[in-house]
Amino acid sequence: MNAVRIEASRLELGGRQIWSGLTLDLRQGEFLTVIGPNGAGKTSFLKALLGLLPASGSIEVLGSHPRRGDPRIGYVPQQKSIDPDLPVRGRDLVRMGLDGARWGLALPSGPIDSQVTATLTSVGAARFADVPLGRLSGGEQQRVRIAQALVGQPELLLCDEPLLSLDLHVQREVCELIGEWRTRAGGTVVFVTHDVNPVLGLTDRVLAFVGGRWALGTPDEVLTSEALSRLYESPVAVIRHEGRVIVLSDVGDPGGFHHDHQP
Amino acid sequence: MIELLHYAFVQNALVAGVVIAVVAGLVGPYVVMRNLSFAVHGLAEVGFTGAAGAVLFGLDPIAGLLAGALLAAVGIGTLGVRLRDRDVAIGSILAFGLGLGVLFLTLYTRYATEAFTILFGTITAVSRSDLVLLVVLAAGTLLALAAISRPLIFASVDPEVAEAKGVPVGLLSIAFLVILAAAVAEAVQVVGVLLVLTLLITPAAAAQKLTARPLLANLLSVLIAFVCTLGGILASLVTLYPASFYVATLSFLTYVAARLVGPRLSRRAGRVPL
């Protein structure tokens, strides 16, 4: 069974084509990095896999039609600022990943608590499990969010810009955690990012969305001057420097993945 | 003061106060979590219009209050789907509602005292049949809240992930506004339309300053609402000044105290408060 199978899919939002003829087979255990400028369809791609956006054509996720609330899918969003007084701790957020969608009250439960604690420990977040969410640093919050995504023992992890507004070394930690999980659990990762560099070492294939067009292939196939110039329909130069990818364009910022965080 | 407790109206007032304190204390944390202070105010004002309309047509003012608040809840939920639109939708609905209320007041000239009652609350006017209605309404409110509590917290704290996990975020938003409308209609009977925030926001906000444990925050919120309501009613019976004044004052003082004590508590406990 493929983790994700998409055939001849087409998505239009507000009369604008986001993608068309999209065909993709993602093997189990594969790491797919999704890049492209804002509004090009990265998040829509995740929403289609989650069953929140209906795209035409055939889409199969873990062998079935995308449906809301599939427990085999974990989801990691971007870090955001949270009210420091909000009476919700890391462990409460992680528990929501397990049973937050169920009706009724979240009553105390021993077995659930131990599962939550075990997951928090596995991502190195046990130390700040009782701190209110709004008082965690960006990196701590993302560790808790990864625990929240992993607590239900998913087979597929969808990450929507989880590195945004994090320091470089924290970005590296978050990537390592996700890489470790993939090795340990044999899970599949779809990773949306505006900067491909932090996950370049983990990436098996790159899916790039630009202006209603798309390109799919290994990083060496997609992240080249030729392939990106074709995708952007304008001259783009790709420079490889010390294992990093730098994208340059004479139309200015191609709006995507060349964000350079050199200190 | 003990002798006062023999009077039926005092007993009714105290029982009503307890019921309302429990409802407000339990609904409040969700109001704070979802940042719905303005919605509470809007629901109450449109509730006032409902009550004024009911009196004009010879109906029960509490039923009118509830109907007005419920209509406003559905209106706010439908027009204010996106967060950016919400406050604007509330403001527009509130203003329209009050405009109607003014018309109703003008049409019904004898209404002045009853208008005062609804605006500022008269807990001592609660009759035995009002009390029965209140208890039924409170039970319904709390049952509905318990039924949606877990996904509602998820949708309030973490809407993106909640949606990804299949939580019907938009539907819950309307459902909670309806629950809130019922809670507002109850709380209005103690403190009146204009002071309803003093029971639906302040106790929960004070509790949040003191603890980060969700369960404890709920308990503290109920406890604070309870002390403020009963304290306010008793003080009013003894001194004959309005209960709403005492409730609002007690609740404000509690909030200020929590603001002062809260940071000290969390400093002593490190980043892990009580």
Side-chain angles (χ1 to χ4, degrees), chain A residues 43 46-47 49-53 66-71 73-78 80 82-108 127-137 140-141 144-145 148-149 152 154 158 160-161, chain B residues 26 28-30 32-35 142-172 175 204-221 258-259 262-263 266-267 269-274:
Chain A
T43 299
L46 291 187
K47 287 199 165 167
L49 296 184
L50 286 165
L52 297 174
L53 261 187
R67 60 193 163 97
R68 301 175 65 123
D70 190 330
I73 300 178
Y75 182 81
V76 185
Q78 67 184 63
K80 61 175 182 183
I82 295 171
D83 173 10
D85 282 335
L86 186 77
V88 174
R89 303 157 297 171
R91 65 168 66 256
D92 301 315
L93 192 79
V94 174
R95 176 172 176 177
M96 288 176 200
L98 202 57
D99 66 359
R102 265 185 246 155
W103 299 106
L105 291 165
L107 299 170
R127 208 162 30 85
F128 39 84
D130 291 307
V131 178
L133 277 185
R135 296 182 199 174
L136 295 177
S137 72
E140 288 170 338
Q141 190 190 117
V144 168
R145 290 199 167 280
Q148 183 195 36
L158 304 182
D160 193 3
E161 300 269 18
Chain B
L26 288 175
Y30 299 88
V32 175
M33 199 182 280
R34 297 180 69 79
N35 224 340
L142 291 183
L143 277 178
L145 185 64
I148 65 166
S149 159
R150 178 160 39 188
L152 181 66
I153 295 174
F154 199 0
S156 310
V157 172
D158 200 8
E160 292 92 8
V161 182
E163 197 184 22
K165 284 276 170 193
V167 173
V169 175
L171 196 71
L172 281 175
Q208 262 198 10
K209 290 282 169 198
L210 299 173
T211 177
R213 293 171 184 275
L215 217 60
L216 193 58
N218 275 303
L219 281 176
L220 271 177
S221 167
R259 285 293 298 259
S266 51
R267 210 175 308 135
R271 275 195 311 172
V272 185
L274 296 177

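Quick note: numbers below take in every heavy atom, side chains included, and nothing from hydrogens, waters or symmetry partners. Letters go in sequence order (proteins before strands), and every chain restarts at 1.
What you find for A:P87 and B:Q208 is that their closest heavy atoms are CD-NE2, 3.1 Å. Scanning both residues, A:L86 and B:M33, for their nearest heavy atoms gives CD1-CG, 3.7 Å. In terms of heavy atoms, B:G166 sits closest to A:R68 at CA-CB, 3.9 Å. Of all the heavy atoms in B:P151 and A:A101, the pair that sits closest is CB-O, 4.2 Å. Of all heavy-atom pairs spanning A:G100 and B:V167, the tightest one is O-CG2, 4.4 Å.
The contact between A:L93 and chain B is made entirely by side chain atoms (from C-beta outward), counting heavy-atom distances below 4.5 Å. When heavy atoms are compared at a cutoff of 4.5 Å, B:P168 approaches chain A by way of both its backbone and its side chain. At a 4.5 Å heavy-atom cutoff, the contact between A:L133 and chain B is made by side-chain atoms alone. Proximity to chain A (any heavy atom under 4.5 Å) is restricted, for B:L172, to the side chain, taken from C-beta onward. Both the backbone and the side chain of A:L105 come within less than 4.5 Å of a heavy atom in chain B. Residue contact with chain B, scored on non-hydrogen atoms closer than 4.5 Å, involves the side chain of A:R145 exclusively. Residue contact with chain A, scored on non-hydrogen atoms closer than 4.5 Å, is absent for B:L152. For chain A, the nearby part of B:A147 is the backbone; its heavy atoms alone come within less than 4.5 Å. Both the backbone and the side chain of A:D99 come within contact range of chain B, each with at least one heavy atom under 4.5 Å from a heavy atom of that chain. Neither the backbone nor the side chain of A:Q78 comes within less than 4.5 Å of any heavy atom in chain B. With a 4.5 angstrom heavy-atom cutoff, A:D92 touches chain B only via side-chain atoms. In this structure, no portion of A:R67 lies under 4.5 Å from any heavy atom of chain B.
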Side chain to side chain contact (heavy atoms under 4.5 Å, CB included) between A:D160 and B:E160, intermediate numbers included: CA-CA 10 Å; A:D160 193 3; B:E160 292 92 8; over 6 Å; no
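Counting heavy-atom pairs under 4.5 Å between each of A:P84, A:G104, A:A106 and chain B puts A:G104 at the top. For the set A:Q148, A:R102, A:R91, A:K47, the count of heavy-atom pairs under 4.5 angstrom toward chain B peaks at A:R102. Top candidate by heavy-atom pairs under 4.5 Å with chain A, chosen from B:A217, B:A164, B:S149, is B:A164.
Using a distance-only test at 3.5 Å, with no hydrogens or angles considered, a donor-acceptor pair links the side chain of B:R150 to the main chain of A:W103.
From B:L210, atom CG reaches atom CG of A:D85 across 10.0 Å, with rounding to the nearest 0.5 Å.
Side-chain contact between A:M96 and B:V161: absent, with no pair of heavy atoms (C-beta onward) separated by less than 4.5 Å.
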